[in-house]
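Notes to accompany the following structure.
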Protein chains: 2
Amino acid sequence: MTAPTTAPTTDQTTDQTTDLLTIRQMCDAFDVTPRTLRFYEAKELIRPVRDGMKRLYARSDRARLKLILRGKRFGFSLEDIRQTLDLYDRQGSNLAQMERTYALAQDRLAIMEAQRAELDEAIAELQAELRAGAAVIAEVKKAGGAAAA
Amino acid sequence: MTAPTTAPTTDQTTDQTTDLLTIRQMCDAFDVTPRTLRFYEAKELIRPVRDGMKRLYARSDRARLKLILRGKRFGFSLEDIRQTLDLYDRQGSNLAQMERTYALAQDRLAIMEAQRAELDEAIAELQAELRAGAAVIAEVKKAGGAAAA
DNA sequence: CGTTACGCTGACGTCAACGTCAACCCCACT
DNA sequence: AGTGGGGTTGACGTTGACGTCAGCGTAACG
């Protein structure tokens, strides 16, 4: 129980000289505003601890925030993200809950893989279009350079 | 200029028996609402022709709509999409305009490639998490089946 | 010739994801 | 004792992307 083997999830052992960041430090680190962090907290996406009234963000909060921002970049809603975020930390739960979460994560994975496939296709198309565009530009330049209107 | 060699972009030749769809047909085909199509038109993303007052959507409109919806899935704004959409059909333009559009498309491509890299990473992480989750579930099932609390 | 169906045009409503602003608290200086 | 720098909680504003609704046109149907 006390030996951190290979999975340091929510480890208690490493809180030397406070591993906690203030809201401002978080903002600087992740390039977000305080308002955003409070908003995410209101939406129950992160749960910083409190020192009096001040919020303090632990490593797990940073990990969650990283996942949140990534999810956003992929176009998932905050609500979507909140659902699957539970997968990454919530292990203290019953079997049924775990299986539901597992299934949910599988769905997400499928979505992401489909998205990747479509992204590959879109990239290929855009590249082709760029090549064509470059050719046209080159031609116009040659013709235009020789005989301008 | 007149010979369609291998690039059938916006071909005039194929308009047999009206290749035009009504707004409803478009909605059914692309799973969007009429409001959405009118909205896109107001934002100058598509330009259907009119039969009297009714909108009619040609093949080029369908191609554009496909690109629009795809762009949205990747998290681009309609305004972003409108910009780069021009790359795909606009050949009658001056050199400066073409080069701007070209540069814009290159930026887009870079963004999409970065997005793909991050998506790959996210997929890998989620897969790992799923494997771990599956292992935990299996273990719980074995232990729980032998000696329930 | 009424009415039903589809379409059009404003105009206003809504929802997510924050931004902005006011008012307050607390602690540290000086 | 004031003042400055974080931090906090409402509460309202904003922007993008539509939804919704009222009022109208018109073409077809029975």
Side-chain angles (χ1 to χ4, degrees), chain A residues 17-58 61-62 64-86 108 111 115, chain B residues 18-58 61-62 64-86 104 108 111 115:
Chain A
T17 65
T18 61
D19 190 18
L20 303 169
L21 301 187
T22 72
I23 197 170
R24 187 51 54 107
Q25 291 172 319
M26 283 291 278
C27 292
D28 294 348
F30 289 93
D31 193 35
V32 294
T33 70
R35 179 70 180 95
T36 301
L37 292 179
R38 296 191 197 105
F39 183 76
Y40 289 170
E41 185 178 350
K43 291 297 180 104
E44 299 186 19
L45 287 161
I46 39 182
R47 298 183 187 285
V49 299
R50 296 289 181 123
D51 169 25
M53 23 173 48
K54 301 186 176 179
R55 293 165 172 84
L56 290 177
Y57 298 84
D61 294 317
R62 280 169 257 163
R64 288 176 76 90
L65 182 55
K66 187 180 170 188
L67 290 170
I68 293 167
L69 297 177
R70 179 151 72 191
K72 284 204 48 178
R73 259 170 267 139
F74 299 149
F76 292 104
S77 75
L78 291 184
E79 180 54 27
D80 284 346
I81 293 169
R82 196 183 62 78
Q83 306 272 332
T84 50
L85 215 48
D86 296 344
R108 266 278 291 241
I111 292 173
Q115 211 171 81
Chain B
T18 61
D19 190 18
L20 302 169
L21 302 187
T22 72
I23 196 168
R24 188 51 54 110
Q25 292 171 317
M26 283 290 278
C27 293
D28 293 349
F30 289 93
D31 193 35
V32 295
T33 69
R35 179 70 180 95
T36 300
L37 292 179
R38 296 190 198 109
F39 183 75
Y40 289 170
E41 184 178 349
K43 290 295 181 107
E44 299 187 17
L45 288 161
I46 40 182
R47 299 183 187 286
V49 299
R50 298 287 182 126
D51 169 25
M53 29 174 40
K54 301 186 177 178
R55 294 165 173 85
L56 290 177
Y57 297 84
D61 294 318
R62 281 168 258 162
R64 289 177 75 90
L65 183 54
K66 187 180 170 188
L67 289 170
I68 293 167
L69 297 177
R70 179 152 75 189
K72 285 203 49 179
R73 259 170 266 137
F74 297 150
F76 292 105
S77 75
L78 291 184
E79 178 55 27
D80 285 346
I81 293 169
R82 195 185 62 78
Q83 306 273 331
T84 51
L85 215 48
D86 296 344
L104 233 157
R108 270 277 291 240
I111 292 173
Q115 212 171 77

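Since the structure is predicted, the reported quantities are computational estimates derived from the model, not experimental observations. Chain naming here is simple, since letters A, B, ... match the order of the sequence lines and numbering starts at 1 in each. Every heavy atom of this structure was used, including side-chain atoms; hydrogens, water molecules and symmetry mates were not.
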Salt bridge check: are B:R82 and B:E79 linked by an N-O gap of less than 4.0 Å?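 Looking at B:E79 together with B:R82, the answer is yes, because their closest N to O distance falls below 4.0 Å.
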Taking for each residue the nucleotide of DNA chain D with the nearest heavy atom, is it B:S77 or A:L56 whose nucleotide lies nearer the 5' end?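 By nearest-heavy-atom nucleotide position, the 5'-most residue is A:L56.
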[options]: which one has an atom nearest the side-chain heavy atoms of [X]?
| X | options | result |
| --- | --- | --- |
| A:R50 | C:dA17, D:dG19, D:dT9 | D:dT9 |
| B:R55 | C:dG7, D:dC18, C:dT9 | C:dT9 |
| A:I23 | D:dC18, C:dA17, D:dG7 | D:dG7 |

Without decimals, in angstroms, what is the distance between [X] [atom1] and [N] [atom2]?
| X | N | atom1 | atom2 | value |
| --- | --- | --- | --- | --- |
| A:L37 | D:dG6 | CG | P | 16 Å |
| A:F39 | D:dT9 | CZ | P | 15 Å |
| A:R38 | D:dG6 | CZ | P | 13 Å |
| B:K72 | C:dA16 | NZ | C1' | 13 Å |
| A:I68 | C:dA17 | CD1 | P | 11 Å |
| B:R24 | C:dC8 | CZ | C1' | 13 Å |
| A:E79 | C:dC18 | CD | P | 14 Å |
| B:M53 | D:dG23 | CE | P | 18 Å |

Within the structure shown, what part of the strands sits under 4.0 Å from B:K43 by heavy-atom distance: base, sugar-phosphate, or nothing?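 Nothing, no heavy atom under 4.0 Å.
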Taking for each residue the nucleotide of DNA chain C with the nearest heavy atom, is it A:T36 or B:P34 whose nucleotide lies nearer the 5' end?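 This one resolves to B:P34.
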Could you grab the distance from atom CD1 of A:I46 to atom CZ of A:R55, nearest 0.5 Å is fine?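 A:I46 CD1 to A:R55 CZ: 9.0 Å, rounded to 0.5 Å.
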Mind checking the CD1-CZ spacing from A:I111 to A:F76? Nearest 0.5 Å is all I need.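 Those atoms lie 5.5 Å apart.
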Between [X] and [N], does any side-chain N or O lie under 4.0 Å from OP1 or OP2?
| X | N | answer |
| --- | --- | --- |
| B:K54 | D:dG25 | no |
| B:T33 | D:dC18 | no |
| B:R35 | D:dT20 | no |
| A:Y40 | C:dC18 | yes |
| B:T22 | C:dG7 | yes |

Are any side-chain N or O atoms of B:D28 and backbone N or O atoms of B:Q25, one a donor and one an acceptor, separated by less than 3.5 Å?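 Here the side-chain-to-backbone pair does not exist.
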Of the non-hydrogen atoms in A:L45 and A:R64, which two are nearest, and what is the gap between them?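 Closest pair (atom of A:L45, atom of A:R64, distance): O-NE, 2.9 Å.
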